[in-house]
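Both counts, for ligands and for their atoms, begin at 1 and track the order of listing. Numbering starts at 1 and runs along the sequence shown.
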Amino acid sequence: MVSGEIVSRRPEDQWTSLDPPEEAWDRPLARPYRMWNWILWIFNLLLAAFTFSWLLLGQQNTAWLYRRTSPEAIQHEVESFVEKFEAEPGSGVVAVPPGEDAYLVARQWSFYPPILKLQAGHEYTVWYSSADVYHNPIIAEQKHTFTSVPGYKYGIRITPQEPGEYLIYCAEYCGLGHQNMISKLVIEP
Ligand code: CUA
């Protein structure tokens with residue numbers, strides 16, 4: 001084909017997006033289509049407004065704190081955290097005193113530490129990260145769900161109120177052992 005040559009085909013012969021468009025493709029839309037366009041626009045704006053206001057009104061626990069890290073650095077950090085506060089060595093139960101930061105590192109296919117103990121009525125910052133792929137720990141009781149991303153750590157502030165035991169589980173498909181990724185948050189009175 002000579003460059004610049006215009007190929008005209010019948011509309012029914014068009015079969016790729018590179019083919020020239022149908023004649024008069026830019027004519028104004030008929031009224032019902034225009035109305036439908038407006039409905040979609042209004043609906044989109046409402047959805048966008050709802051999304052942003054829900055951040056403020058929905059009392060969501062959003063992780064506003066974040067830092068760059070690496071899987072090695074976060075591994076090191078969480079290990080010294082566990083060493084410092086583990087109830088009994090090797091138990092996996094880490095009781096965090098008020099005023100100290102807590103950690104929860106996800107990896108295929110478990111959370112570390114396996115059991116986190118916090119005290120009711122005190123504010124904690126819990127740092128999340130991942131040592132390998134994307135995970136999504138959920139603490140439903142704390143209205144918190146967040147993607148653990150390797151290379152970053154995110155901090156959420158929580159003030160647990162009701163003493164009890166709460167399930168933490170992974171809600172991002174992260175491989176064959178995904179369904180085994182559970183851990184526990186224990187809130188002590
Ligand atoms: Cu981790 Cu699914």
Throw together a table of side-chain donor-acceptor distances under 3.5 angstrom for residues 168-184, partners on residues two or more places apart or in other chains.
residue	atom	partner	partner atom	Å
Tyr173	OH	Gly175	O	3.3
His178	ND1	Glu172	O	3.0
Gln179	NE2	Leu176	O	3.4
Lys184	NZ	Glu165	OE1	3.1

Look at the side chain of [X] and the backbone N and O of [Y], then say whether any donor-acceptor pair between them is shorter than 3.5 Å.
{"X": "Tyr112", "Y": "Glu79", "value": "no"}
{"X": "Gln119", "Y": "Pro98", "value": "no"}
{"X": "Glu72", "Y": "His76", "value": "no"}

> Can the ring centroids of Tyr128 and Tyr154 be said to lie less than 6.0 angstrom from one another?
Replying inline: no
>> For the residue pair Arg67 / Tyr152, report whether a side-chain donor-acceptor contact shorter than 3.5 Å exists.
In response: no
>> At a cut-off of 2.8 Å, what protein N/O/S atoms sit near atom 1 (Cu) of ligand 1?
In response: His135 ND1, Cys170 SG, Cys174 SG, Met181 SD
